[in-house]
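A quick write-up on the structure given underneath.
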There are 4 protein chains.
Amino acid sequence: MVIIYPKFFSLEQEKQERIINAALKEFAQNGYERASTNEIIKEAEISKGSLFSYFNSKKELYLFLLDYVVKVIDKIYDEVDWKETDIFKRIKAIGLAKFKIYKRSPQAFNFLKAVAREDAVEVKSEVNKLEKNITESGLERGYQNIDLTKFREDIDIQKTINIINWTILSFAEQQRDKVNSMEDIGMEIFKEWDEYFDIMKRCFYKKEEE
Amino acid sequence: MVIIYPKFFSLEQEKQERIINAALKEFAQNGYERASTNEIIKEAEISKGSLFSYFNSKKELYLFLLDYVVKVIDKIYDEVDWKETDIFKRIKAIGLAKFKIYKRSPQAFNFLKAVAREDAVEVKSEVNKLEKNITESGLERGYQNIDLTKFREDIDIQKTINIINWTILSFAEQQRDKVNSMEDIGMEIFKEWDEYFDIMKRCFYKKEEE
Amino acid sequence: MVIIYPKFFSLEQEKQERIINAALKEFAQNGYERASTNEIIKEAEISKGSLFSYFNSKKELYLFLLDYVVKVIDKIYDEVDWKETDIFKRIKAIGLAKFKIYKRSPQAFNFLKAVAREDAVEVKSEVNKLEKNITESGLERGYQNIDLTKFREDIDIQKTINIINWTILSFAEQQRDKVNSMEDIGMEIFKEWDEYFDIMKRCFYKKEEE
Amino acid sequence: MVIIYPKFFSLEQEKQERIINAALKEFAQNGYERASTNEIIKEAEISKGSLFSYFNSKKELYLFLLDYVVKVIDKIYDEVDWKETDIFKRIKAIGLAKFKIYKRSPQAFNFLKAVAREDAVEVKSEVNKLEKNITESGLERGYQNIDLTKFREDIDIQKTINIINWTILSFAEQQRDKVNSMEDIGMEIFKEWDEYFDIMKRCFYKKEEE
DNA sequence: GATGAATGAGCCTTCATTCAT
DNA sequence: GATGAATGAAGGCTCATTCAT
């Protein structure tokens with residue numbers, strides 16, 4: 001399961017990045033199957049033989065990138081303030097962290113976005129595994145240390161958190177389809193986001209909170 | 001724009017179904033581009049020449065399936081009781097109709113799910129057209145005649161309906177990922193579903209509803 | 001070598017003609033290989049099975065047409081006045097006969113023209129055989145009973161006749177490339193033709209002829 | 001318009017020739033449309049992928065060959081003595097040059113012959129361009145600097161030159177059909193050729209020439 | 001270690017021919 | 001005898017992977 005790529009990692013940093021970015025970009029733009037190794041080597045300015053000596057196949061390259069983006073996600077969580085106990089503020093903090101990371105490595109985000117839509121049989125099982133992983137560990141971490149006493153007492157809190165979560169994710173996806181690139185994102189999105197938060201706070205929290 | 005396929009429709013029912021199901025399955029699993037007509041004819045047990053005499057190209061076959069699933073969706077709406085004005089009962093009715101149809105043609109559902117992720121240039125415009133169609137007519141019909149007075153007055157109703165909708169869809173997707181086949185689905189899922197409804201009803205409706 | 005097609009010949013005259021004309025046209029327009037039996041049956045309004053029961057293959061159909069046009073050519077020679085002994089008048093008579101026949105069955109001429117350019121391996125040998133046949137029997141008949149005393153005595157008459165013949169054929173081919181269809185042919189071509197005749201008469205005949 | 005094929009030209013000479021000859025042969029025998037790249041690679045003993053990496057498509061391969069044969073033709077004219085002003089000696093010089101080139105690359109000649117009959121839409125315009133080119137530059141060069149005073153004054157010189165030209169070409173074609181390979185060609189053909197020249201000289205030149 | 005030419009299985013599509021009705 | 005649905009070999013072309021240099 002754990003494969004390391006000694007040949008690749010012994011390359012100079014800059015070359016590694018060139019290859020990773022070229023590959024992320026190509027897979028993000030075209031999906032697994034339609035992505036062309038030719039385009040990747042052209043963009044990364046390396047030879048065909050090199051690519052296949054670092055990784056052994058297109059599939060392994062893809063799997064490597066999957067691992068790579070997991071680390072990027074981890075960085076997001078590192079930037080979040082885990083002391084904040086209000087769930088909506090926490091979610092917001094995570095969202096902002098994501099946004100900052102995106103600014104730093106947009107390729108990884110686009111790739112991740114594409115991964116979510118990937119359905120090539122050859123990599124499907126790995127993709128699903130990753131997704132389950134992310135979701136679970138995300139939830140675990142994401143909702144650690146949350147102050148659950150703020151919630152109304154007549155509702156199932158875990159399910160309510162699910163509703164909040166699904167709402168955020170679905171809203172994000174809806175926005176993603178609206179904008180062409182993350183560059184377009186402005187503050188008005190965050191404003192609309194807050195409006196959803198307000199509804200949920202008003203409905204799911206006890207009367208006199210905050 | 002409206003092409004009919006007389007050769008295909010004059011086949012015996014059973015063969016038509018074999019072909020449709022084989023094609024739906026292959027496209028659902030692999031997306032437009034990577035789907036192989038070879039696999040389709042193998043699964044449907046027909047010859048290459050036949051497939052291309054019924055439909056004229058891979059693209060037309062795909063477009064035909066697009067039309068086909070629209071009809072499946074329409075059947076869903078035909079089974080729904082549109083006189084019911086309570087939004088949760090309405091959603092439940094739609095959900096049950098979907099479920100019944102799914103039992104009858106599961107391939108169509110998987111295909112539709114794949115269509116949503118399709119980005120092959122060759123069929124993109126048609127896919128988009130369909131999606132716009134479904135979304136619009138879906139929303140139009142889905143939320144027609146709903147009694148909005150039941151909602152609390154201190155929240156934006158349209159946004160609240162979005163939350164309800166996203167919750168239902170996300171819940172359904174989550175369930176879909178859990179079970180391997182729809183065969184496994186039992187009543188306990190509907191029970192859990194109702195629990196989400198209860199939370200939302202309790203939170204989004206006025207105090208004294210029913 | 002001699003194959004007859006009893007099934008075909010027992011059809012009613014009108015149907016035979018429909019098939020022949022459709023086939024001549026399709027082969028003339030597209031050459032042997034690119035010609036489509038589908039187009040032929042569509043134009044002739046018969047079924048696929050019928051075509052292949054009359055003739056057994058595309059190749060036999062083509063060979064049949066080859067035979068058919070030979071008969072058309074024979075008709076040309078039947079219309080020529082073989083009593084005329086002057087070679088140039090004879091050639092002109094043949095040319096005019098060709099022209100008249102063309103008016104009656106242009107398809108056959110276009111087919112013949114296409115045959116001359118045919119190079120499909122599958123029918124090449126038969127085409128060559130036919131061409132040799134036509135050329136030889138054409139020359140035999142064409143130059144029967146010619147008054148050779150008109151020619152100068154210091155030149156080889158057979159070779160001179162070859163020169164005349166080649167000149168006529170090459171001139172005709174040149175004209176054929178210029179005009180798009182036989183419809184365009186006017187009298188000015190015959191005038192230019194006569195000018196070549198004049199040169200040759202002046203040069204190859206004895207001084208004081210006629 | 002001018003495409004070069006660096007991948008192809010960087011192959012070793014012998015391989016280039018194998019490919020060129022295989023392609024010339026296949027196109028000559030079958031015409032553009034019916035020629036099979038499969039046959040070409042089989043004959044040239046290269047792989048499918050290779051052929052399409054050198055040239056990008058069947059069409060480009062064909063166009064490349066068109067260019068190639070133009071160069072062969074140019075070589076012919078380079079070997080001709082353009083100071084000779086007698087038309088028959090000039091024609092003979094051209095004929096001999098052609099013959100020598102033919103010995104070196106017979107495939108090119110057969111290809112050129114097939115090109116003249118080509119009517120595939122995909123390459124028609126290029127073929128026509130080439131033909132116009134050849135015809136014009138051929139006539140221009142071929143009959144440059146000819147001493148026209150040798151001709152009789154009572155005939156149209158241009159038409160007479162046409163007759164001479166057609167005779168030569170037709171004679172050559174007749175010979176080509178008689179022999180199976182150019183290996184068979186001996187001096188007796190040139191002897192017969194001279195006899196035609198003698199007739200024409202005697203008839204078309206003024207009485208007291210040379 | 002790096003290169004990129006070579007490979008060949010696989011893609012979609014066409015069409016002459018067969019054969020059950 | 002007539003039909004046309006079914007067949008499958010062959011077409012041009014792509015691309016991940018290999019391997020001699």
Side-chain angles (χ1 to χ4, degrees), chain A residues 7 10-11 15 32-42 45-62 122, chain B residues 6-8 10-12 15 30 32-41 45-61 122, chain C residues 7 10-11 15 32-42 45-62 122, chain D residues 6-8 10-12 15 30 32-41 45-61 122:
Chain A
K7 277 190 199 159
S10 61
L11 295 176
K15 195 171 187 178
Y32 176 75
E33 195 76 13
R34 256 193 349 283
S36 159
T37 53
N38 272 331
E39 287 307 308
I40 294 172
I41 62 164
K42 215 183 288 167
E45 292 178 299
I46 58 169
S47 76
K48 204 117 214 226
S50 293
L51 183 67
F52 281 85
S53 89
Y54 303 148
F55 311 98
N56 299 308
S57 68
K58 188 183 184 181
K59 184 177 173 182
E60 285 195 22
L61 169 58
Y62 189 84
E122 229 176 324
Chain B
K7 277 193 194 154
F8 178 72
S10 61
L11 295 176
E12 28 181 323
K15 195 172 190 177
N30 304 292
Y32 176 76
E33 201 102 356
R34 209 156 28 72
S36 162
T37 53
N38 279 333
E39 288 306 309
I40 294 172
I41 62 166
E45 291 178 298
I46 59 170
S47 77
K48 206 120 226 230
S50 291
L51 182 66
F52 282 87
S53 89
Y54 303 148
F55 311 98
N56 298 308
S57 65
K58 187 184 185 181
K59 185 177 172 181
E60 284 196 22
L61 169 57
E122 229 179 322
Chain C
K7 278 190 198 158
S10 62
L11 295 175
K15 194 172 188 179
Y32 176 75
E33 195 76 12
R34 257 196 345 285
S36 160
T37 52
N38 272 330
E39 287 307 307
I40 294 172
I41 62 164
K42 215 182 290 168
E45 292 177 299
I46 58 169
S47 77
K48 204 115 215 228
S50 293
L51 183 67
F52 281 86
S53 89
Y54 302 148
F55 311 98
N56 299 308
S57 68
K58 188 183 184 182
K59 184 176 172 182
E60 284 196 24
L61 168 58
Y62 189 84
E122 230 176 323
Chain D
K7 279 195 194 154
F8 178 72
S10 61
L11 296 176
E12 28 182 324
K15 196 171 188 177
N30 305 293
Y32 176 75
E33 200 101 355
R34 211 156 26 73
S36 162
T37 53
N38 279 332
E39 288 307 310
I40 294 172
I41 62 167
E45 291 178 298
I46 59 171
S47 77
K48 204 125 228 229
S50 291
L51 182 66
F52 283 89
S53 89
Y54 303 148
F55 311 98
N56 298 309
S57 66
K58 188 184 183 181
K59 185 177 172 180
E60 284 195 25
L61 169 57
E122 229 179 322

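The sequence lines fix the lettering, A, B, ..., with proteins before strands; numbering per chain opens at 1.
The salt bridge (Lys or Arg N to Asp or Glu O under 4.0 Å) test applied to D:E39 returns D:K42, not counting sequence neighbours.
Comparing B:E122 and D:K7 against DNA chain E, the residue whose closest nucleotide sits nearer the 5' end is D:K7. Each of C:E33 and B:K59 was matched to the nucleotide of DNA chain E holding its nearest heavy atom; the match closer to the 5' end belongs to B:K59. Between D:G49 and B:I46, the residue anchored nearer the 5' end of DNA chain F, judged by the nucleotide with its closest heavy atom, is B:I46.
Not one side-chain nitrogen or oxygen of B:S10 sits closer than 4.0 Å to the OP1 or OP2 atom of F:dA5. Contact annotation: C:N38 side-chain N/O to E:dC15 OP1/OP2 distance is not under 4.0 Å. The phosphate of F:dA6 has OP1 or OP2 within less than 4.0 Å of a side-chain N or O from B:Y54. For C:S50, a side-chain nitrogen or oxygen approaches OP1 or OP2 of F:dT3 to under 4.0 Å. Note on A:S47: a side-chain N or O is less than 4.0 Å away from OP1 or OP2 of E:dT3. Contact annotation: A:S53 side-chain N/O to E:dG1 OP1/OP2 distance is not under 4.0 Å.
With values rounded to the nearest 0.5 angstrom, C:Y54 atom OH is found 15.5 Å from C:E60 atom CD. Put simply, OG on D:S36 and CZ on D:R34 are 10.5 Å apart, with the number rounded to the nearest 0.5 Å.
Looking only at distances, a side-chain donor or acceptor of B:K58 sits under 3.5 Å from a matching main-chain atom of B:Y32.
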Checklist entry - Under a 3.5 Å cutoff on both atom distances, Watson-Crick or G-U, what's the dot-bracket for DNA chain F ([ ] crossing, | other strand)? => result .||||||||||||||||||||
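For B:I40 and E:dC11, the CD1 to C1' distance is 13 Å, given to the nearest whole Å. In this structure, CG of D:L51 is placed 14 Å from C1' of E:dA5, rounded to the nearest angstrom. Distance, D:E12 CD to F:dA20 P: 16 Å, rounded to whole Å. Atom P of nucleotide E:dA16 and atom CD1 of C:I41 are separated by 10 Å, given to the nearest angstrom. For the pair C:R34 CZ and E:dT14 C1', the interatomic distance rounds to 14 Å; values are reported in whole Å. Distance, D:E60 CD to F:dG12 C1': 14 Å, rounded to whole Å. Rounded to whole Å, atom C1' of F:dG12 lies 13 Å from atom CG of D:N56. One atom, CD of B:E45, and another, P of F:dA6, lie 14 Å apart when rounded to the nearest Å.
If you check E:dC11, F:dA5, E:dA2 against the side chain of A:L11, the one that comes closest is E:dA2. Taking every side-chain heavy atom of B:S57 into account, E:dT13 is the closest of E:dA5, E:dT13, E:dG8. When the nucleotides E:dC12, E:dA16, F:dG12 are ranked by their closest atom to the side chain of C:T37, E:dA16 comes out on top. Checked against E:dG4, E:dT18, F:dG12, the side chain of C:F52 finds its nearest nucleotide in E:dT18.
Looking at heavy-atom distances under 4.0 Å, B:F55 makes no contact with the nucleic acid at all. If you check every strand for non-hydrogen atoms under 4.0 Å, B:K48 touches a base. Residue contacts shown for B:K15 are limited to sugar-phosphate atoms, with no base heavy atom under 4.0 Å away.
The shortest side-chain heavy-atom distance between A:I40 and A:L61 falls under the 4.5 Å cut-off.
Closest approach of B:S53 to B:N56, counting heavy atoms only: O-OD1, 4.5 Å.
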